Number of protein chains: 4
Amino acid sequence: MAKPTTTRAGTRPADSARRREILDAATEVFAEKGVVAATVRDIGARAGILSGSLYHHFASKEEMVAEILVPVLRSQVEAFDAIAAETSAPEQILRRLIGAAVAQTAADPHAARIIRNDTRHFGEMQGLDEVVRQQRAVTSRWTSAVKQGIARGRFRSDVDPSIVTKSIGDVVLGAYRFMRPMGRMPANQVAEQLARLILDGLEVR
Amino acid sequence: MAKPTTTRAGTRPADSARRREILDAATEVFAEKGVVAATVRDIGARAGILSGSLYHHFASKEEMVAEILVPVLRSQVEAFDAIAAETSAPEQILRRLIGAAVAQTAADPHAARIIRNDTRHFGEMQGLDEVVRQQRAVTSRWTSAVKQGIARGRFRSDVDPSIVTKSIGDVVLGAYRFMRPMGRMPANQVAEQLARLILDGLEVR
Amino acid sequence: MAKPTTTRAGTRPADSARRREILDAATEVFAEKGVVAATVRDIGARAGILSGSLYHHFASKEEMVAEILVPVLRSQVEAFDAIAAETSAPEQILRRLIGAAVAQTAADPHAARIIRNDTRHFGEMQGLDEVVRQQRAVTSRWTSAVKQGIARGRFRSDVDPSIVTKSIGDVVLGAYRFMRPMGRMPANQVAEQLARLILDGLEVR
Amino acid sequence: MAKPTTTRAGTRPADSARRREILDAATEVFAEKGVVAATVRDIGARAGILSGSLYHHFASKEEMVAEILVPVLRSQVEAFDAIAAETSAPEQILRRLIGAAVAQTAADPHAARIIRNDTRHFGEMQGLDEVVRQQRAVTSRWTSAVKQGIARGRFRSDVDPSIVTKSIGDVVLGAYRFMRPMGRMPANQVAEQLARLILDGLEVR
DNA sequence: TATGAATGAGGTTTCATTCAT
DNA sequence: CATGAATGAAACCTCATTCAT
């Protein structure tokens with residue numbers, strides 16, 4: 001995982017325990033209500049603090065969003081790059097990308113939910129440039145994996161790569177619903193089922 | 001003093017042309033910004049009207065959302081039921097459901113986008129009970145199609161039906177991105193590609 | 001979107017000094033303009049605060065009304081009950097009820113004015129149930145005092161008790177006009193004159 | 001009754017039947033909700049017309065109020081003056097004033113209710129100068145009747161004339177509650193009971 | 001005369017943010 | 001670090017009034 005030792009602008013003591021607690025509360029609230037509908041009062045209430053006091057730890061609501069998502073996305077990009085570097089068979093790559101993405105989702109289901117639901121807003125929000133950048137990086141990893149598979153004749157060429165890519169992305173981002181705390185299945189099992197579905201399809205051959 | 005949420009009597013001309021225009025404007029704005037972030041001023045601006053004047057036509061922002069989504073969802077449920085009634089082979093049913101859903105998405109891509117992005121908020125919004133009900137109806141159609149296919153041995157039984165159902169739903173709801181005005185592909189082609197992907201999988205056999 | 005009427009958690013410091021100041025300002029404004037015509041901006045202006053900031057202390061305009069009136073009415077009911085418990089002669093009871101009511105009016109003339117002028121609206125306003133309940137309690141105290149006097153043959157039986165009760169209520173509630181800050185007479189003198197008028201009538205015998 | 005053949009400013013056809021109907025609807029609505037809380041939409045709804053169409057008949061909401069109240073008040077002043085002119089005994093005068101006032105209340109209970117509840121607003125509303133003037137005239141009639149009775153030694157002198165006057169005014173204005181449509185007693189009976197109460201008091205001598 | 005659409009001002013309320021203590 | 005008070009902008013919505021048809 002990337003280490004967020006420095007925060008944008010002149011924000012205070014970097015990362016205390018309190019800061020982490022607040023961020024966890026914010027993560028939950030953002031996941032449940034969405035970043036637009038979530039208010040700083042909601043976050044304060046969940047963290048056991050008054051909303052005004054949040055500003056001792058974070059410069060803005062946006063900064064919280066960034067601080068929640070950037071590490072998650074960065075770590076995903078790193079994981080993806082490692083997989084691409086050490087794997088050669090396209091279906092193996094895709095299978096492992098799915099596994100890594102689902103594992104991330106398992107590690108931080110709230111973050112996954114935020115990404116799935118609020119990506120649309122990140123462009124207009126200030127200070128989320130890095131989030132947007134990392135999201136693009138993730139997408140590009142999926143895209144090259146798919147294109148490579150098609151180029152090597154292992155993936156079907158009669159489906160538009162962009163459709164494949166985005167559909168896989170959607171399916172994987174929705175995996176949080178099948179695992180704790182929302183679902184009941186262990187992450188690796190979810191990953192396996194999604195991989196089967198994506199690679200082999202629903203129909204029995 | 002307290003805001004009366006009840007529909008004012010005397011207003012509400014059922015559906016005039018102006019009403020339709022405003023609804024179209026609202027549909028666009030909701031799709032682009034999300035129902036929470038979209039303001040009545042945004043809608044008014046797009047419709048060429050002052051925000052207060054919207055209330056000559058609609059009782060609330062919520063009512064607009066309902067009026068946009070209910071017909072779309074109802075028509076989808078009807079289409080789904082017709083397909084289920086006249087088709088017997090599970091893979092045929094699923095293929096046709098996908099086709100119908102994508103066709104809907106093509107007919108009203110903005111509505112699809114709203115559903116995809118804002119479903120989470122509908123439960124807490126007042127006056128959207130019918131929307132929620134129809135959404136449940138849609139989901140139940142997908143679910144029974146999938147379960148039937150599994151029961152008849154045509155769909156794989158090693159993937160949780162709920163995972164299958166939700167994943168298909170996600171993929172189909174995202175189809176608006178590949179068609180006009182956002183994408184460039186004709187609807188029936190998108191439907192065909194998604195059906196292939198879902199039923200046969202990405203891998204070349 | 002829909003306005004949540006529930007009291008926000010986290011706010012509401014029970015009663016600070018500021019809260020009292022605002023409540024006093026609100027009391028004046030409500031008394032002068034009436035609860036419907038009084039705007040939160042009026043109240044804010046009188047309290048030296050922006051109208052939005054009022055909501056740091058109160059959940060709604062209605063809550064202010066309730067918080068102004070409930071204690072006044074409750075205290076009146078208590079006073080009435082004490083009188084009824086320790087007094088036996090009907091004319092003595094009535095005289096003392098009038099005295100207590102006028103004393104209340106003297107203690108909080110603005111509240112009396114609000115009650116006199118805006119009772120009609122309380123039923124339709126949200127959160128004023130307790131106000132309505134206490135008002136009924138006050139009325140019932142007047143009614144039983146009058147009926148008791150008639151039953152014991154001390155009050156005339158040729159006038160409908162409901163007319164008597166309501167008329168006395170009206171006269172007493174209007175007492176604020178004769179005392180400071182609107183009038184000039186001391187409260188006990190007003191009470192004495194009203195009691196004479198009510199019990200003995202205007203005519204010289 | 002004074003004939004309102006001319007309306008203030010350049011308002012249309014003077015008085016058609018429709019105008020009367022609307023005015024009746026407005027009277028009811030004003031009485032029930034109060035002139036501030038009553039909206040032109042309420043009035044239109046009760047009159048079976050759209051609110052905008054009201055302005056073909058009246059220049060403003062205020063004009064309606066004026067047109068409702070001025071004739072009532074003028075007629076009361078005339079009646080009072082006639083009584084004062086043809087009666088000499090103070091208690092007879094007062095008794096007949098009460099009778100006349102209650103009769104007015106019976107004839108137009110809604111108007112009485114409006115006067116009782118909304119007098120406070122008339123000063124700030126535009127175009128109600130004549131209403132205010134006539135209300136002053138009414139008050140002055142009550143005042144002189146009372147003062148005359150005191151001067152002639154027929155009314156008690158140990159109660160402030162202003163208190164007497166205002167209290168009588170309150171009681172009489174509240175009479176609408178005891179007669180149809182709100183109460184059940186015939187007007188002359190209400191008048192008789194109020195006169196007894198005011199002149200002779202509640203206590204049995 | 002009436003309708004239906006619109007205006008524009010203003011109402012209550014929300015909310016991110018600031019700051020003295 | 002946290003509180004509690006406040007700000008100021010902006011949100012949703014209401015309402016008297018106007019006007020073309």
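Throughout, a chain's letter reflects where its sequence line sits, starting with A, and its residues are numbered from 1. This is a predicted model, so every value here is computed, not measured.
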Worksheet item: Does OP1 or OP2 of dG4(E) have a side-chain N or O of His57(B) closer than 4.0 Å?
Response: no

Discussion item. If you count heavy atoms of other groups shown closer than 6.0 angstrom to CD of Glu124(A), is the number above 12?
Written reply: yes

Fill in: Residue met sooner reading DNA chain F from 5', once Ala37(B) and Thr39(D) are mapped to nucleotides
Ala37(B)

Practice prompt. Check the pair Lys61(D) / Asp42(D) against salt bridge (charged side-chain N to carboxylate O under 4.0 Å, His left out), numbers first and verdict last.
Written response: CA-CA 11 Å; Lys61(D) 191 177 145 182; Asp42(D) 292 331; over 6 Å; no

Worksheet item: How would you label the contact of Ala47(D) with the nucleic acid (heavy atoms, under 4.0 Å): base, sugar-phosphate, or nothing?
Response: nothing

Practice prompt. Under the salt bridge (charged side-chain N to carboxylate O under 4.0 Å, His left out) rule, collect the residues that match up with Asp24(B), sequence neighbours excluded.
Written response: Arg20(B)

Worksheet item: What is the distance from atom CD1 of Ile68(C) to atom CG of Leu73(C), rounded to the nearest 0.5 Å?
Response: 11.5 Å

Worksheet item: So, is Arg18(D) close to the dA2(E) phosphate, meaning a side-chain N or O under 4.0 Å from OP1 or OP2?
Response: yes

Discussion item. Expressed as a whole number of angstroms, how long is the span from Met64(B):CE to dA11(F):C1'?
Written reply: 13 Å

Discussion item. Without decimals, in angstroms, what is the distance between Lys33(C) NZ and dG10(E) C1'?
Written reply: 13 Å

Discussion item. What contact category does Leu54(D) fall into here, base, sugar-phosphate, or nothing, at under 4.0 angstrom with non-hydrogen atoms?
Written reply: nothing

Discussion item. Output the rounded distance in Å from CG (Asp42(C)) to P (dT13(E)).
Written reply: 14 Å

Taking only N/O atoms, report every protein-nucleotides 17-21 of chain E pair under 3.5 Å with atom names and distance.
unit_1	atom_1	unit_2	atom_2	d
dT17(E)	OP2	Tyr55(A)	OH	2.6
dT17(E)	OP2	Lys61(A)	N	3.0
dT17(E)	O5'	Tyr55(A)	OH	3.4

Item to complete: Mind checking the CD1-CD1 spacing from Ile49(A) to Ile22(A)? Nearest 0.5 Å is all I need.
Response: 4.0 Å

Practice prompt. Mind calculating the distance between CG (Leu23(B)) and C1' (dA5(E)) to the nearest angstrom?
Written response: 17 Å

Item to complete: Starting at atom CG of Leu50(D), determine the distance to atom C1' of dA6(E), rounded to an integer number of angstrom.
Response: 14 Å

Worksheet item: Could you give the CD1-to-C1' distance, from Ile49(C) to dG4(F), as a whole number of Å?
Response: 11 Å

Worksheet entry | Dot-bracket pairing map - DNA chain E, Watson-Crick plus G-U, both contacts under 3.5 Å, | cross-strand | .||||||||||||||||||||

Item to complete: Measure the distance from CD on Gln126(C) to P on dT12(E) and round it to the nearest whole Å.
Response: 15 Å

Worksheet item: Looking only at heavy atoms, which two atoms of Ala66(D) and Val131(D) are closest? And how far apart?
Response: CA-CG2, 4.0 Å

Worksheet item: Who pairs with Val72(C) by side-chain contact (heavy atoms from CB on, under 4.5 Å), at least two apart in sequence or on another chain?
Response: Gln104(C), Asp108(C), Ala111(C)

Worksheet item: Which residues pass the side-chain contact (heavy atoms from CB on, under 4.5 Å) test with Ala45(A), sequence neighbours left out?
Response: none

Discussion item. Could you tell me how far apart Ile43(A) (CD1) and dC15(E) (C1') are, to the nearest whole angstrom?
Written reply: 12 Å

Worksheet item: Listed by chain and number, what are the salt bridge (charged side-chain N to carboxylate O under 4.0 Å, His left out) partners of Arg46(C), not counting sequence neighbours?
Response: Glu28(C), Glu32(C)

